Amino acid sequence: MARAVGYGGPAILTIATHPDGSRYAGWPVGCIRLDHLLLEVLGDPADGTYRIAPDGRLTPGVGNYPADTVVRRILPYLEQARTPVEASPWIRQVSAKIRHQLIGTPDGRYTIADLAQWEAWADAADGVPWQLDGGPHRPLVWAPADDPSGRATAMLTTIYAPTDPAPPAPEALDVAR
């Protein structure tokens, strides 16, 4: 996930503790709850920003949100009302490194996520994807399918589009799944 956020740059994350004691990895684009076993393997690090070394060790780092910002600005999204979503078949190549995934709701609304980030979060997060209520630019979260009001386990921001996202015209498609 840290590599998906960094677009090939250094893998950086911030570890932050929710007021209930749950631990999260956070980035400016989202967060995910860390399980106890992973925290043990990482040496139960204190809250703070870290670089992930090639061998998986954490070393102090800079360039990410501080832990208190993750707690104050990102973790509250995990508690908000949401609507189920799923990936559509449409992917758009934006640049050599960036592709966008169109994500749809049952009522026919769409939002856009960075494809590498969407795939990383979808692979690592517990639960199914949802979009926070309130419009096409609201973040995505992962939560249990049978508990739409419980705290989500992960959050990913969406990409702003000047108009409401919609499936592209067939001639504009780069890749169809």
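Positions are given from 1 along the sequence. All of these numbers come straight from a predicted model, not from anything done at the bench.
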Between Trp121 and Met155, is there a donor-acceptor pair closer than 3.5 Å when you use the side chain of the first and the backbone of the second? yes
Short question: side chain of Thr14, backbone of Pro66 - any donor-acceptor pair under 3.5 Å? no
Short side-chain to backbone donor-acceptor contact, Arg151 and Glu79, under 3.5 Å: no
Please walk me through it: do Thr111 and Val85 pass side chain to side chain contact (heavy atoms under 4.5 Å, CB included)? CA-CA 9 Å; Thr111 192; Val85 294; 5.7 Å; no
Minimum heavy-atom separation for Pro45 and Leu39, please, with both atom names. CD-O, 3.9 Å
Tightest non-hydrogen contact, residues Ala113 and Ile159, listed as C-CD1, 3.7 Å
Quick check: are there more than 12 heavy atoms from other residues, nucleotides or ligands sitting under 6.0 Å from OH of Tyr50? yes
Please find the pair of heavy atoms, one from Val71 and one from Pro19, that lie closest to each other, and give the distance. CG1-CD, 4.2 Å
Counting distance only, does the side-chain N/O of Thr17 pair as donor-acceptor with the main-chain N or O of Gly21 below 3.5 Å? no
When every non-hydrogen atom of Tyr24 is compared with those of Leu75, the smallest separation belongs to CG-CD2, 3.7 Å
Indicate the atoms forming the closest heavy-atom contact of Gln101 with Ala87, along with that distance. NE2-CB, 3.7 Å
Shortest non-hydrogen pair, Asp126 vs Trp142, comes out as O-CB, 3.5 Å
Quick one: does Gln131's side chain have a donor or acceptor within less than 3.5 Å of a partner on Arg138's backbone? yes
What's the separation between atom CD in Glu40 and atom CG in Leu34, rounded to the nearest 0.5 Å? 13.0 Å
Going by the angle between their ring planes, with limits at 30° and 60°, are Trp90 and Tyr110 parallel, tilted or perpendicular? perpendicular
The side-chain contact (heavy atoms from CB on, under 4.5 Å) partners of Ala143 (sequence neighbours excluded) come to Arg82, Trp130, Ala152
Using the test salt bridge (Lys or Arg N to Asp or Glu O under 4.0 Å), find all partners of Asp55 that sit at least two apart in sequence or belong to another chain. Arg57
Is there a donor-acceptor pair closer than 3.5 Å between any side-chain N or O of Trp27 and the backbone N or O of Ile12? yes
Salt bridge (Lys or Arg N to Asp or Glu O under 4.0 Å) with Asp47: which residues, sequence neighbours excluded? Arg23
